[in-house]
Amino acid sequence: MKQYNCEQPNQTKLSHFHLETIVNSSLDEIFVTDGEGNVLVVNPAGESLYGIEASQLINKNVDELEKNGLFSPALYPIVKKRKEKVSMIQRTKTGKIVHVIANPVFNEDGEIFLIIFTSRDITEIKHLREKIERNEALLKVYESELEELRSFQEPADIIAVSPNMRKIIRTINKIAGVDSTILITGESGVGKGVIATAIHNQSSRKTGAFIHINCGAIPETLIESELFGYDSGAFTGARKEGKKGLIEQANGGTLFLDEIGEMPLSLQVRLLKVIQERKVDPVGSTTSVDIDVRIIAATNKSLKKMVEEGTFRQDLFYRLNVVPIHIPALRTRPEDISYLIDYFVKKYNEKYGLANYFSLEAENALIHYDWPGNVRELENMIERLVVTAEQEEITMEDLVEYMNPGEEGHKYFVTVHDVCSLKQAQEEMEEQLVRRAYEMNKSSYKVAEMLGINQSTAIRKIQKYITGYQQKSKLR
């Protein structure tokens, strides 16, 4: 805008000066066009909205400015058409969001000869509103999760930190209150029996019996009489008064059929009848016994494959597989391992009156071990280490014997955390070996001896990997 001399201004000049000062002092943009949309005035506040100087906008037409992307949408054609005040949200070239009010000014003939646009930057307000909306949405999610946590019951003997195990606990909470038949699958040692026990303890049958039958541990010649019982005189050597079978002993409670894949085909049809009719036919009896049991089966085999091979009845598989629960192998849920270590260390310290603990290095080695025997192997190893450790701190040296049994001279093992190129792996291993050897001896001669290399090579390796020891004079 044109600048005026303030010395002895006349009334007209004073009015213009005051007007200019007011316009330039406004924190909101003041943008004025004539009736044809040609820009007459833009105050400094507009410069921050468009990213260019106000002088570059003077005498430009708003249609041209809109085409160049300075702002969108343009209010001028709407005001021109309606001949009334218009307000709208606009976006500018710099990414600002502004609330614009356009006021037309009319001449004596009723024609628009000026349009005064005032714009307020509401970018931050809109972002705050969006943030509040996001926070409100998050709050609803957290409230839902909190409600879920309030109803979430984690069995005392189950460590569930990993997402997969948390999902299993949620499933247990849902199905514990109903009597649906459950099939638990997973590798040997993952804790199928622990899950079955947890389901029973959270069910309405928790005051009833929990009968655990290992179908692979009972000799085939005895499994029929053990499961279904027998009547007096059923066979030679039978008790005179007969005997209740394990299935009948579970009446009112839960029957856990572990290693169900080991059950002979001849007995699978009888078990199918128990599930379908809720009746047991003891060996040698002519009458059936009504039973009320919940059945949970478990296996480390693929029953689907066994069905295809003809070694497991398809109809029995479908009867058992009503609610399937698959327990992942321990190596696939490393998040649980450190918690399991703490749990078992505490358990056996309390049992044997000890105060042993694992060094950080030893615990990390356990976390990155493959655990082919799963949780059972981990528990057994920790019990052995707790009771045999010579010192309270269980170190890497203590682990070697148990993680590499029977391997003379094999004192160290390597764990792989992720896949990388062989060259990268070799360099990483070389650096770790050099650093470890130097920390132990502070001597290039000893490093060379330990790593089986000549001393000049050892010096180069130490210089390469150990910061602060670049001078040969510092190496002995």
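What you see is a predicted model; the values in this text were computed from it and never measured.
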Where the side chain of [X] meets the backbone of [Y], is there a donor-acceptor pair that is under 3.5 Å apart?
X    : Y    : answer
R294 : S180 : yes
Q90  : S72  : no
Q268 : M263 : yes
R333 : P328 : yes
N374 : R376 : no
T92  : L49  : yes
K192 : G186 : yes
T254 : A250 : no
D336 : A160 : no
S288 : D281 : no

I need the [X] [atom1] to [Y] [atom2] distance, nearest 0.5 Å.
X    : Y    : atom1 : atom2 : value
L227 : I211 : CG    : CD1   : 11.5 Å
K174 : I169 : NZ    : CD1   : 13.0 Å
I184 : I172 : CD1   : CD1   : 7.5 Å
Y318 : T181 : OH    : OG1   : 16.0 Å
R129 : E136 : CZ    : CD    : 11.5 Å
Y348 : R384 : OH    : CZ    : 11.0 Å

Give a yes-or-no answer on whether the side chains of [X] and [Y] include a donor-acceptor pair shorter than 3.5 Å.
X    : Y    : answer
Y465 : Q432 : no
S456 : N454 : yes
S444 : Q455 : yes
D28  : S26  : no

Could you check whether the rings of F256 and H212 sit parallel, tilted or perpendicular, using 30° and 60° as the cut-offs?
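Answer is tilted, since the angle falls between 30° and 60°.
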Shortest non-hydrogen contact between [X] and [Y], atoms and distance:
X    : Y    : answer
N349 : N356 : ND2-O, 2.8 Å
N321 : P324 : OD1-CB, 3.3 Å
I394 : A389 : CG1-CB, 3.9 Å
Y230 : S225 : CD2-CB, 3.9 Å
I223 : I218 : CA-CG2, 3.6 Å
G310 : L265 : O-CD1, 3.5 Å

In terms of side-chain geometry, is the basic nitrogen of K243 or E226 positioned less than 4.0 Å from the acidic oxygen of its partner?
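Yes, K243 and E226 are salt-bridged.
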Is E449 salt-bridged to K446, cutoff N-O under 4.0 Å?
yes
Taking the side chain as every heavy atom from C-beta outward, state whether [X] and [Y] have any pair of such atoms under 4.5 Å apart.
X    : Y    : value
T118 : R120 : no
F228 : L267 : yes
L320 : F312 : yes
V447 : I462 : yes
I52  : L70  : yes
L183 : V322 : no
I453 : R460 : no
P334 : H368 : no

Side chain to side chain contact (heavy atoms under 4.5 Å, CB included) between V375 and I159, worked out:
CA-CA 10 Å; V375 180; I159 303 299; over 6 Å; no
Check whether more than 12 heavy atoms from other residues, nucleotides or ligands sit under 6.0 Å from atom CG of L27, and answer yes or no.
no
Check whether more than 12 heavy atoms from other residues, nucleotides or ligands sit under 6.0 Å from atom CD of E393, and answer yes or no.
yes
K301 pairs by salt bridge (charged side-chain N to carboxylate O under 4.0 Å, His left out) with which of E259, E309, E262?
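In the set E259, E309, E262, the residue that makes a salt bridge (charged side-chain N to carboxylate O under 4.0 Å, His left out) with K301 is E262.
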What do the steps show when you test E29 against K96 for salt bridge (charged side-chain N to carboxylate O under 4.0 Å, His left out), and what is the final call?
CA-CA 13 Å; E29 179 202 27; K96 301 287 187 180; over 6 Å; no
Which residues pass the side-chain contact (heavy atoms from CB on, under 4.5 Å) test with R319, sequence neighbours left out?
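Applying side-chain contact (heavy atoms from CB on, under 4.5 Å) to R319 gives L272, I275, Q276.
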Is there a side chain to side chain contact (heavy atoms under 4.5 Å, CB included) between E66 and F71 once you walk through the steps?
CA-CA 6 Å; E66 184 188 24; F71 48 73; 4.2 Å; yes
I need the full list of salt bridge (Lys or Arg N to Asp or Glu O under 4.0 Å) pairs touching residues 361-372, with sequence neighbours left out, sorted by first then second residue.
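Output for this query lists E361-R436.
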When you look at M381 and L366, which way does the side chain to side chain contact (heavy atoms under 4.5 Å, CB included) test go after all the steps?
CA-CA 10 Å; M381 177 182 288; L366 294 181; 3.9 Å; yes
Can you list the steps and then say if K351 with K347 is a side chain to side chain contact (heavy atoms under 4.5 Å, CB included)?
CA-CA 6 Å; K351 182 176 180 179; K347 175 181 176 179; 5.6 Å; no
